[in-house]
Amino acid sequence: MINSTALLEDLQSEVTKLEDDLRTRCDAEQKVDAPLKARWDEARARSRTALTYKAWREEELTNVAVAWVLACVFVRFLEDNGLVDTLHLAGPDATGLGRARDQHELFFREHPHFTEREYLEHVFTSTAALPSMAEFFDRRHNPLWSVGPTGDAAAAMVNFWRRADPETGRPVHDFTDPEWNTRFLGDLYQDLSA
């Protein structure tokens with residue numbers, strides 16, 4: 001079952017790490033920052049913002065970080081509740097973790113020059129292809145597609161989801177819910193993007 005308090009605490013830390021990574025990546029790579037700058041220019045031209053670029057970008061990067069984290073939460077919810085056949089991040093138990101690791105290894109055998117960022121993008125694209133999932137992962141509206149973390153930060157995120165309890169071998173965060181109640185996602189979005 002979902003432990004909302006522990007999950008929120010852990011995810012707030014993950015969002016902060018992603019924000020830092022995204023900011024550093026934008027500062028270091030002009031081609032990554034340029035699309036954001038173009039959107040800010042357009043927003044300024046249409047009088048939709050009076051913020052400086054740096055202040056506007058900070059808000060955008062928070063939205064992007066939250067979107068990446070929530071996308072992973074959603075995938076984990078589907079995995080833990082048996083709503084998908086292919087496990088990419090973890091699954092509800094040690095067997096699920098093993099299946100996800102196998103899938104991960106297969107992806108990198110087929111794409112040896114990719115990073116964990118491309119792996120997670122693959123996971124999100126695959127999930128978007130499922131019935132009723134396209135809207136959640138819509139490339140036009142979901143901010144996760146506007147900028148991605150470095151490969152190292154994406155690897156840390158994958159490892160975060162695969163952390164296991166040493167006594168049980170089960171993932172630290174369990175999303176199993178016989179009711180399939182996704183209300184917690186709305187609460188998480190609200191609390192993560194204060």
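These numbers come from the heavy atoms of this one structure, side chains and all, not from hydrogens, waters or symmetry mates.
Val147 and Arg25 get closest at one heavy-atom pair: CG2-NH1, 4.3 Å. Between Leu18 and Pro149, the shortest heavy-atom distance links the atoms CD2-CB, 3.7 Å.
The existence of a salt bridge linking Asp27 and Arg57 is confirmed by a sub-4.0 Å separation between a basic side-chain nitrogen and an acidic carboxylate oxygen. Under 4.0 Å is where a charged nitrogen must lie from a carboxylate oxygen, and between Asp33 and Lys37 no such pair does. Between Arg23 and Glu19 there is no salt bridge, since no side-chain N of the basic residue sits under 4.0 Å from a carboxylate O of the acidic one.
Using bins of under 30°, 30° to 60° and over 60° for the plane-to-plane angle, the ring pair Phe137/Phe74 lands in the perpendicular bin.
Counted within 6.0 Å of CZ on Arg163, heavy atoms from surrounding residues, nucleotides or ligands total more than 12; the atom is thus considered enclosed. Counting non-hydrogen atoms of other residues, nucleotides and ligands closer than 6.0 Å to CG of Asn159 gives a total above 12.
Aromatic ring centres of Tyr119 and His111: separated by at least 6.0 Å.
Inspection of the Thr150 and Asp152 side chains reveals no N or O donor paired with an N or O acceptor under 3.5 Å. Glu135 and His141 form no side-chain donor-acceptor contact under 3.5 Å, judged by distance and modelled atom types alone. Under the 3.5 Å distance criterion, with hydrogens and angles disregarded, a donor-acceptor pair is assigned to the side chains of Glu118 and Thr115.
For Arg162, there are no side chain to side chain donor-acceptor pair (under 3.5 Å) partners at least two apart in sequence or on another chain. Take Glu42 and apply the side chain to side chain donor-acceptor pair (under 3.5 Å) test, not counting sequence neighbours, and it matches no residue.
At least one donor-acceptor pair closer than 3.5 Å links the side chain of Arg99 to the backbone N or O of Asp85.
Among pairs with a residue in residues 76-98, those fulfilling ring-ring contact (aromatic ring centres under 6.0 Å, His included) read Phe77-Phe184, His88-His122, at least two apart in sequence or across chains.
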